[in-house]
Amino acid sequence: MHEHLESIYHDLKLKYPYQKEYLQSVLEFFESINNVLLEDPKIIESNVIRNIVEPDRIITFKVPWVDDKGKNRFNTGYRVQFNQALGPYKGGIRFTPNVNESVLKFLGFEQTFKNSLTGLPLGGGKGGSDFNPKNKSDAELLRFCQSFMIELHRHLGPTLDVPAGDIGVSQKAIGYMFGMYKRLTHAHHGSFTGKGTNYGGSLGRTEATGYGIIYMTLAALDKYFNTDLKNITIIISGSGNVALHTAYKAKQMGANVVAMSSIDGVIYHPQGIDVALLEHIKEHNQLIEVYLERYPNAVFSKDTKKIWEIPCEIALPCATENELELEDVKKLVKNGLKMLVEGANMPTTLDATHYLLEHNILFIPGKAANAGGVSVSGLEMQQNALHTSWTFETVDNKLKEIMTKLFNSIYETAKSYDKPFDLVSGANILSFKRIYQAMLDQGL
Ligand code: NDP
Ligand code: 2IT
């Protein structure tokens, strides 16, 4: 690593010693951009890297709410407004007990680069709370979301900061937050995406991340292997929004999705997962194991790690960060893995990513592969600004176009740096150059 990057990383480690996810995402980025530093001395002179790795601001606040038993509860709310060089801050809101500043800084950092790859005028941000939406009544969720918005609304706006959903934030929660936002601001404008289609949401936003992952996978399969998804064996971790729509589209394209998972375990069904059944199970908040009542020959394991032991040609981690560790990818490679596409944000640890690249496994990083969600969020903002709504087909075609163009642009970038197989570098270099130039042009 270039000494300039080493010195910045050293300082970040001293300043934020416990922010392991954030440091990991910065290090992954630094490992890719040595060559760019060497070709443009202005990067060091302008000190842009020190600037780009720190968020513009972090808003932290207390969220008091009352549970159904009348007991006062408190959570912490955050919004990390990372970078607005290319447009308003844009990125999801996550509600899980492990949300903290490090997790949201890593997500905001990734989002900034991801959004730049889409080619849309979007900056990067992320927010959320350590609130756990599981096993909460509707009334509790409503009270929490309203209290969360009492503080957050003043930091949002269609040209300022536009949140969406992420883990643990359903369309219902978005509706509750948006409803409160409107009461507090007296304005109905597109300051949230992922809204219900009956009050300003875009058709195709629910499906967008998963469909986009498959559009990109198809573009890569075509470019590198001159093939498609027919009869390809796939495993997909998770069974939330991203995993389910990835699975639907993969099956539609002729792939055999043999395993999926959730926090409570893994289902292995060699004949092909019944995705609609799995969606039904999750919608009714049941354990994934219930799948066996309909398909007694499928195999269930409580150990979520078991999914990585299942032989497949393509693995699509679509659950959460760092779910794939070195030992897991070693098993996948031993069992014939050809390609790994990150559906979640940073699901692969750094040493596991190195292992995959060293073993010539085609690897598409999340900031490229899962950009379909935020892309359709960008399209939702466009529709809101125009006071119109497009058909599902229009949105889906635009999504396809964005994902294919995105893939081609990171492939061409990787190739121009003599690393045609290294799409991590392709994505990091291209997105960095776009943000850097915009920052420079605007006086940083
Ligand atoms: P959801 O909350 O809808 O789903 C998350 C899923 O992951 C759930 O099925 C959950 O299980 C499962 N899960 C969590 N931890 C584990 C684990 N350790 N092992 C196995 N399964 C696990 O979230 P999303 O689908 O929206 O998000 C998934 C990932 O995609 C996240 O990394 C998110 O940041 C990223 N992403 C999301 C986008 C979006 O548009 N929603 C866009 C781009 C990226 P359970 O059902 O038991 O809770
Ligand atoms: O990680 C992500 O890209 C998202 N959660 C979606 C962000 C968005 O603003 O649609």
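Read the numbers this way: they start at 1 and go in the same order the structure lists the ligands and their atoms. The structure presented is a predicted model; accordingly, all values stated were derived computationally and were not measured.
- Contacts between M346 and ligand 1 below 4.0 angstrom, taking non-hydrogen atoms only, are absent altogether.
- Contact annotation: for E323 versus ligand 1, there are no heavy atoms closer than 4.0 Å.
- Of the polar atoms of G240, at least one N or O is found under 3.5 Å from an N or O of ligand 1, judged by distance alone.
- Proximity of Q111 to ligand 2, defined as any heavy-atom pair under 4.0 Å, is confined to the side chain (atoms from C-beta onward).
- The six-membered or imidazole ring of Y224 lies near that of Y411, with a centre-to-centre distance under 6.0 Å.
- The aromatic ring centres of H269 and Y291 sit less than 6.0 Å apart.
- The K282 neighbourhood of ligand 1 comprises atoms 45 (P), 46 (O), 47 (O), with distances under 4.0 Å to a heavy atom of that residue.
- Considering T246, I167, L107, N98 only, the shortest heavy-atom separation from atom 23 (O) of ligand 1 involves I167.
- At a heavy-atom distance under 4.0 Å, no atom of S237 approaches ligand 1.
- The protein atom (non-hydrogen) at minimum distance from atom 10 (O) of ligand 2 is S377 OG, 2.6 Å.
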For this session: Please report the C-alpha distance between L221 and I314 in whole Å, then the side-chain angles of each, then the deciding distance to 0.1 Å, and finally whether the side-chain contact (heavy atoms from CB on, under 4.5 Å) criterion is met.
Result: CA-CA 10 Å; L221 282 171; I314 301 181; 4.2 Å; yes
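- You'll find the ring centres of F61 and F148 inside the 6.0 Å limit.
- Using modelled atom types, one side-chain atom of S102 and one backbone atom of E21 make a donor-acceptor pair closer than 3.5 Å.
- Counting only heavy atoms of the protein, atom 24 (P) of ligand 1 lies nearest to V242 CG2, 3.8 Å.
- In terms of protein heavy-atom proximity, atom 33 (C) of ligand 1 is nearest to D166 OD1, 3.3 Å.
- Heavy-atom contacts of R205 reach the following atoms of ligand 1: 40 (O) (cutoff under 4.0 Å).
- Of the N or O atoms in K126, none lie within a sub-3.5 Å distance of an N or O in ligand 1.
- Checking side-chain atoms of D222 against main-chain N and O of L218 turns up no donor-acceptor pair under 3.5 Å.
- Using modelled atom types and a 3.5 Å distance limit, the side chains of T349 and E325 yield no donor-acceptor pair.
- Here T209 has side-chain heavy atoms under 4.0 Å from ligand 1, and that is the only part of it that gets that close.
- Backbone and side-chain nitrogen or oxygen atoms of A344 are examined, and none is located within less than 3.5 angstrom of a nitrogen or oxygen of ligand 1.
- Not one N or O of N370 is nearer than 3.5 Å to an N or O of ligand 1, by distance alone.
- Neither the backbone nor the side chain of L107 comes within 4.0 Å of ligand 2, counting heavy atoms alone.
- A side-chain donor from one of E279 and Y248 sits under 3.5 Å from a side-chain acceptor of the other.
- Aromatic ring pairs are classed by plane angle as parallel below 30°, tilted from 30° to 60° and perpendicular above 60°; the pair Y181 and F178 is parallel.
- Taking only nitrogen or oxygen atoms, main chain and side chain alike, G165 does not reach within less than 3.5 Å of ligand 1.
- Both tests pass for K105 against the ring of Y16: distance under 6.0 Å to the centre and angle within 45° of the axis.
- Proximity annotation for atom 31 (C) of ligand 1: of G343, C318, A319, A319 comes nearest, heavy atoms only.
- Among the atoms of A243, none of the N or O lies under 3.5 angstrom from an N or O of ligand 1.
- Between R143 and D68 there is a salt bridge, since at least one side-chain N of the basic residue sits less than 4.0 Å from a carboxylate O of the acidic one.
- Ligand-side atoms of ligand 1 in range of K134: 45 (P), 47 (O), 48 (O), range being under 4.0 angstrom from any heavy atom.
- Comparing heavy-atom distances from atom 6 (C) of ligand 2 across M381, R205, K114, K367 singles out R205 as nearest.
- The protein atom (non-hydrogen) at minimum distance from atom 3 (O) of ligand 1 is N241 N, 2.9 Å.
- Looking only at protein heavy atoms, the nearest one to atom 4 (C) of ligand 2 is K126 NZ, 3.7 Å.
- A donor-acceptor pair is defined here as one N or O able to donate and one able to accept, closer than 3.5 Å; such a pair exists between the side chain of R205 and the backbone of G373.
- Here is the list of ligand 1 atoms found below 4.0 Å of a heavy atom in T304: 19 (N), 20 (C).
- What sits closest to atom 5 (N) of ligand 2 on the protein, heavy atoms only, is D166 OD1, 2.9 Å.
- The closest side-chain donor-acceptor pair between N428 and S32 falls under 3.5 angstrom.
- Of all atoms in ligand 1, numbered sequentially from 1 with element shown, those under 4.0 Å from a heavy atom of D264 are 47 (O).
- Close approach of ligand 1 to G168 is summarised as follows: ligand atoms under 4.0 Å from at least one heavy atom of the residue are 2 (O).
- Taking the six-membered ring where tryptophan is involved, the planes of F95 and F144 are perpendicular, since the angle between them exceeds 60° and thus also 30°.
- Listed by number with element, the atoms of ligand 1 under 4.0 angstrom from any heavy atom of R94 are 31 (C), 32 (O), 33 (C), 34 (O).
- E28 and T353 form no side-chain donor-acceptor contact under 3.5 Å, judged by distance and modelled atom types alone.
- Under 3.5 Å, the side chains of N75 and S129 contain no donor-acceptor pair of N or O atoms.
- Remark: among candidates I263, N285, V169, the nearest residue to atom 47 (O) of ligand 1 is I263, based on non-hydrogen atoms.
- The S239 neighbourhood of ligand 1 comprises atoms 9 (O), with distances under 4.0 Å to a heavy atom of that residue.
- The shortest N or O to N or O distance between E321 and ligand 1 is not under 3.5 Å.
- Look at K367 and E110 and you find a salt bridge, because one of the NZ, NE, NH1 or NH2 atoms lies within 4.0 Å of a carboxylate O, short of that distance.
- In terms of protein heavy-atom proximity, atom 18 (N) of ligand 1 is closest to T320 CG2, 4.1 Å.
- A donor-acceptor pair under 3.5 Å is absent between the side-chain atoms of T118 and the main chain of K114, judged by distance alone.
- Assignment of P163 to the shell around ligand 2 is not supported, since no heavy atom sits closer than 4.0 Å.
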